[in-house]
J.: 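Below you will find the structure I want to go over with you.
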Amino acid sequence: MIFTILKVIGIILLVVLALILTALLCVLFVPVKYRAVGSFDNTDIRAKAHVSWLFHLFALHIEYADETDGYIRLAFVKKKLFDNYEALDDDDMDDAAKTETEDKVSENTGDKPKIPADESEHVADEQTEDESTSQTHNEQRTVTDENQHIKQQTKPTHKKTYKKPPKKSHKKQFKDKSEKIKTGIDKLKREYSDERNKAAFSHLKKELFIILKRICPRRLKLTMVYSTGSPDTTGISLGVLACFPVGYTNRWRITPDFESENPYAKGSFDIKGHVIVISILAATLRILFDKNCRRLYNRISR
């Protein structure tokens with residue numbers, strides 16, 4: 001009997017351990033996929049973004065056109081991210097406008113709303129009750145005012161004064177923050193110029209480049225027709241765009257319009273990629289356990 005109970009407990013523990021290990025492996029090795037597609041025509045922008053993990057069991061979807069819409073899905077539960085307010089029907093809007101017009105007319109003419117004859121007696125009784133209630137409240141208020149007057153006369157004359165510290169103006173706060181940022185940048189420049197920290201900065205640069213490479217999209221398609229309104233600036237901007245290798249690797253299709261006299265840009269884009277947590281975690285751990293990086297952190301934090 002005891003061995004059977006121990007056997008059942010052992011099986012339950014093994015199942016729980018297997019589930020925990022499976023969940024951990026899924027988090028580390030199952031990629032988080034993301035994709036964004038859209039089109040643009042000057043200020044008219046339409047886009048969709050979708051992030052999913054574990055065979056779309058967990059997903060985030062956002063759309064943007066005339067208004068923003070989206071949802072988040074956790075397993076089999078879907079919840080909307082943005083509340084869309086329903087507009088009033090035509091009948092409701094007519095009733096609301098009619099009521100508002102009647103209220104304005106009664107305010108301008110000074111007329112009181114009409115009371116039906118069968119409700120006049122009930123209104124008279126309510127007015128009598130309101131008068132008796134107001135008289136009782138006035139008597140209670142008089143007694144309360146007398147008690148407060150007596151308490152004020154018996155209070156000591158000396159009072160402790162507390163002055164609040166003056167608040168800093170927005171201009172001074174901005175100045176203090178800018179000085180802190182400037183001090184931090186100067187300190188970082190001094191540490192970077194120090195020969196003892198060259199190895200730490202080199203290691204940081206290498207690992208951050210790996211993290212950026214793992215996060216960047218695998219596909220970045222762009223199709224665009226544009227004009228700046230002037231042929232010379234259109235050609236210059238095309239030359240600047242041609243300097244980026246990302247355009248060649250993803251086969252961007254950019255067509256300049258040298259004849260248009262008005263600036264415009266229209267086209268479409270498609271961004272797709274994935275992120276594996278284990279690669280980001282490994283690069284972060286290599287930074288944290290590097291002795292040169294730890295020494296640099298201790299020097300900067302002092």
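Note: hydrogens, waters and symmetry copies are ignored here, and every other heavy atom, side chains too, is used.
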J.: Search all heavy atoms of Ile280 against all heavy atoms of Thr284 and return the closest pair with its distance.
T.: O-OG1, 2.8 Å

J.: Do any N or O atoms from the side chain of Trp252 and from the backbone of Leu220 form a donor-acceptor pair under 3.5 angstrom?
T.: yes

J.: Using modelled atom types and a 3.5 Å cut-off, is there a donor and acceptor pairing between side-chain atoms of Ser39 and backbone atoms of Gly267?
T.: no

J.: May I ask you to check whether over 12 heavy atoms, not counting those of Glu179, lie within 6.0 Å of atom CD?
T.: yes

J.: Give a yes or no on whether Arg286 atom CZ has more than 12 heavy-atom contacts from other residues, nucleotides or ligands under 6.0 Å away.
T.: yes

J.: When you measure from the side chain of Thr234 to the backbone N and O of Ser227, does any donor-acceptor pair fall under 3.5 Å?
T.: no

J.: Roughly how far, to the nearest 0.5 Å, is CG of Leu296 from CG of Asp290?
T.: 10.0 Å

J.: Can you tell me how far apart CZ (Phe58) and CZ (Arg73) are? Round to the nearest 0.5 Å.
T.: 10.5 Å

J.: With rounding to the nearest 0.5 Å, note down the distance linking OG in Ser202 to CG in Asn197.
T.: 12.0 Å

J.: Relative to the ring of Tyr192, is the ring of Phe201 parallel (under 30°), tilted (30 to 60°) or perpendicular (over 60°)?
T.: perpendicular

J.: Between Arg35 and Asp270, does any side-chain N to carboxylate O distance fall below 4.0 Å?
T.: yes

J.: Is any NZ, NE, NH1 or NH2 atom of the basic residue among Arg299 and Asp194 found under 4.0 Å from an Asp or Glu carboxylate oxygen of the other?
T.: yes

J.: Calculate, to the nearest 0.5 Å, the distance between atoms CD1 and CZ belonging to Ile211 and Arg214 respectively.
T.: 10.0 Å

J.: For Tyr34 and Ile215, work out which heavy atoms get closest and say how close.
T.: OH-O, 2.7 Å

J.: More than 12 heavy atoms of other residues, nucleotides or ligands under 6.0 Å from NZ of Lys198: yes or no?
T.: yes

J.: Calculate, to the nearest 0.5 Å, the distance between atoms CG and CG belonging to Leu241 and Leu222 respectively.
T.: 8.5 Å

J.: For Arg251, look at atom CZ and say whether over 12 heavy atoms of other residues, nucleotides or ligands are found less than 6.0 Å away.
T.: no

J.: Please determine whether the number of non-hydrogen atoms from other residues, nucleotides or ligands lying under 6.0 Å from atom CG of Asp66 exceeds 12.
T.: no

J.: Are Tyr64 and Asp69 close enough, and set up right, to give a side-chain contact (heavy atoms from CB on, under 4.5 Å), and what steps lead you there?
T.: CA-CA 6 Å; Tyr64 175 78; Asp69 194 10; over 6 Å; no

J.: Under the side chain to side chain contact (heavy atoms under 4.5 Å, CB included) test, which residues partner Ile276, sequence neighbours left out?
T.: Pro31, His274, Ile278, Ser279

J.: Nearest 0.5 Å please: distance from the NZ atom of Lys33 over to the NZ atom of Lys272.
T.: 7.0 Å

J.: Given 3.5 Å as the limit, does a donor-acceptor pair link the side chain of Asp44 with the main chain of Phe40, or not?
T.: no

J.: So if I apply the side-chain contact (heavy atoms from CB on, under 4.5 Å) rule between Leu19 and each of Leu17, Val15, Val16, Thr22, which one comes out positive?
T.: Val15

J.: Without swapping roles, check the side chain of Lys187 against the backbone of Ile300 for a donor-acceptor pair under 3.5 Å.
T.: yes

